[in-house]
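From a predicted model like this one, the values you see are computed outputs, not experimental measurements.
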Amino acid sequence: MVTELINANPIIYEKKERRAPSAPSAPHDEDIKDPEHPYSLEELKVITEEAVEVDDQRNYVRVTFTPTVEHCSMATVIGLCLRVKLMRSLPSRYKVDIRVAPGSHATEAAVNKQLNDKERVAAALENPNLLNMVDDCLAPSYD
C-alpha cells in the first residue's frame, strides 16, 4: 500500500452480483484490490463489467479502466494488475489490450503506450517491488 494517498476519499460503490463462470476453471469472485485503498477496483468503479470486451472468434480482450482521479499516479500499476490477471487467467492465444478510458487521465496516451508495450510490461514485471505490489493487488481477500 502507498503511504500518501492521491485520492484520500474515493467514492465507494456496491459490487454487482456476478454470473456463474461458464467454465469450471474460470476465475470467479476474485477481485483486484486497489493499490492505494482497501477496496476492490470494482467497488471504486475503476473497472466495470461493461468495460470488458471479449471477442472469442478473434482471440481478443480489451479492458478499459477509469482511474478515480485524472492525475492518478497508480494508473500504470492498476493497468499492470489487470494485464497480469488476464495473463494468468486466459489461454495464451488471446491478445489483451488494456486502456485508460478516454479523457479520464492526464497522461492517457503515455499510460496506454506503457501498458500495451510487451517489453515495458516484461521489464516492469522483473522489478521485485512492482511485482510484489501487483501480487498484493491480485491476492484473494477473505472478507
Side-chain angles (χ1 to χ4, degrees), residues 1-56 59-92 94-143:
M1 289 286 181
V2 176
T3 56
E4 190 176 318
L5 300 177
I6 300 298
N7 184 4
N9 296 307
I11 298 170
I12 312 302
Y13 301 87
E14 281 192 43
K15 292 182 182 182
K16 280 180 80 173
E17 192 64 35
R18 298 213 180 126
R19 310 177 249 157
S22 56
S25 62
H28 59 284
D29 208 29
E30 295 176 12
D31 292 322
I32 299 174
K33 293 185 272 302
D34 183 83
E36 275 191 316
H37 300 285
Y39 303 107
S40 72
L41 295 182
E42 181 183 8
E43 289 172 307
L44 296 172
K45 284 241 172 147
V46 170
I47 187 74
T48 62
E49 194 172 321
E50 297 77 28
V52 179
E53 302 169 43
V54 179
D55 187 338
D56 280 323
N59 298 317
Y60 180 78
V61 175
R62 170 180 274 172
V63 178
T64 304
F65 70 97
T66 306
T68 59
V69 290
E70 82 170 29
H71 54 277
C72 177
S73 64
M74 293 288 147
T76 52
V77 174
I78 291 168
L80 192 59
C81 290
L82 293 167
R83 177 167 294 286
V84 169
K85 175 72 171 182
L86 292 172
M87 284 170 42
R88 292 176 181 174
S89 303
L90 292 172
S92 60
Y94 280 90
K95 180 192 182 318
V96 175
D97 185 19
I98 307 289
R99 300 233 170 245
V100 174
S104 68
H105 197 273
T107 60
E108 172 189 336
V111 171
N112 288 341
K113 184 176 182 177
Q114 193 169 12
L115 292 174
N116 291 294
D117 183 313
K118 287 181 184 180
E119 290 177 10
R120 289 182 188 197
V121 169
L125 295 175
E126 288 177 5
N127 178 327
N129 294 328
L130 195 49
L131 185 57
N132 283 339
M133 186 181 284
V134 168
D135 285 339
D136 287 346
C137 291
L138 297 181
S141 59
Y142 304 102
D143 37 332

Legend entry - Heavy-atom side-chain proximity of Val77 to Leu130 below 4.5 angstrom: yes
Legend entry - Leu41 CG to Thr48 OG1 distance, which is reported to the nearest 0.5 Å: 11.5 Å
Legend entry - Side-chain heavy-atom pair Leu82, Phe65 within 4.5 angstrom cut-off: yes
Inset, instruction - To the nearest 0.5 angstrom, please state how far the CD atom of Glu126 sits from the CG atom of Leu131. - result: 10.0 Å
Inset, instruction - Look at the side chain of Asp31 and the backbone N and O of Lys33, then say whether any donor-acceptor pair between them is shorter than 3.5 Å. - result: no
Legend entry - Which atom of Ile47 lies closest to which atom of Val52, heavy atoms considered: CD1-CG2, 4.3 Å
Legend entry - Nearest-0.5 Å distance that lies between atom CD in Glu53 and atom CG in Asp55: 9.0 Å
Legend entry - Non-hydrogen side-chain atoms of Asp34 and Ile78 separated by less than 4.5 Å: yes
Legend entry - Side-chain heavy atoms of Met133 within contact of Asn129, under 4.5 Å: no
Legend entry - Spatial distance of atom CG (Asp135) from atom SG (Cys81) [nearest 0.5 Å]: 8.5 Å
Legend entry - Atom of Gly103, atom of Glu108 and distance for their closest heavy-atom approach: N-OE1, 2.8 Å
Legend entry - Smallest separation among heavy atoms of Tyr60 and Tyr94, with atom names: N-CD2, 3.6 Å
Inset, instruction - Rounded to the nearest 0.5 Å, what's the gap from NZ on Lys85 to CD1 on Ile98? Could you check? - result: 12.5 Å
Legend entry - Arg88 side chain near Leu138 side chain, heavy-atom distance below 4.5 Å: yes
Inset, instruction - Please report the closest heavy-atom contact between Pro67 and Ala75, naming both atoms and the distance. - result: CG-CB, 4.3 Å
Legend entry - Non-hydrogen side-chain atoms of Val96 and Met87 separated by less than 4.5 Å: no
Legend entry - Whether over 12 other heavy atoms sit under 6.0 Å from Lys95 NZ: yes
Legend entry - Candidate pair Val121 and Leu115, rule side-chain contact (heavy atoms from CB on, under 4.5 Å), full reasoning: CA-CA 6 Å; Val121 169; Leu115 292 174; 5.6 Å; no
Legend entry - Side chain to side chain, Cys72 and His105, heavy atoms closer than 4.5 Å: yes
Legend entry - CA sep, side-chain torsions, deciding dist, call: Asp97, Val63, side-chain contact (heavy atoms from CB on, under 4.5 Å): CA-CA 6 Å; Asp97 185 19; Val63 178; over 6 Å; no
Inset, instruction - Answer yes or no: is there a donor N or O on one side and an acceptor on the other, between the side chain of Asn116 and the main chain of Arg99, under 3.5 Å? - result: no
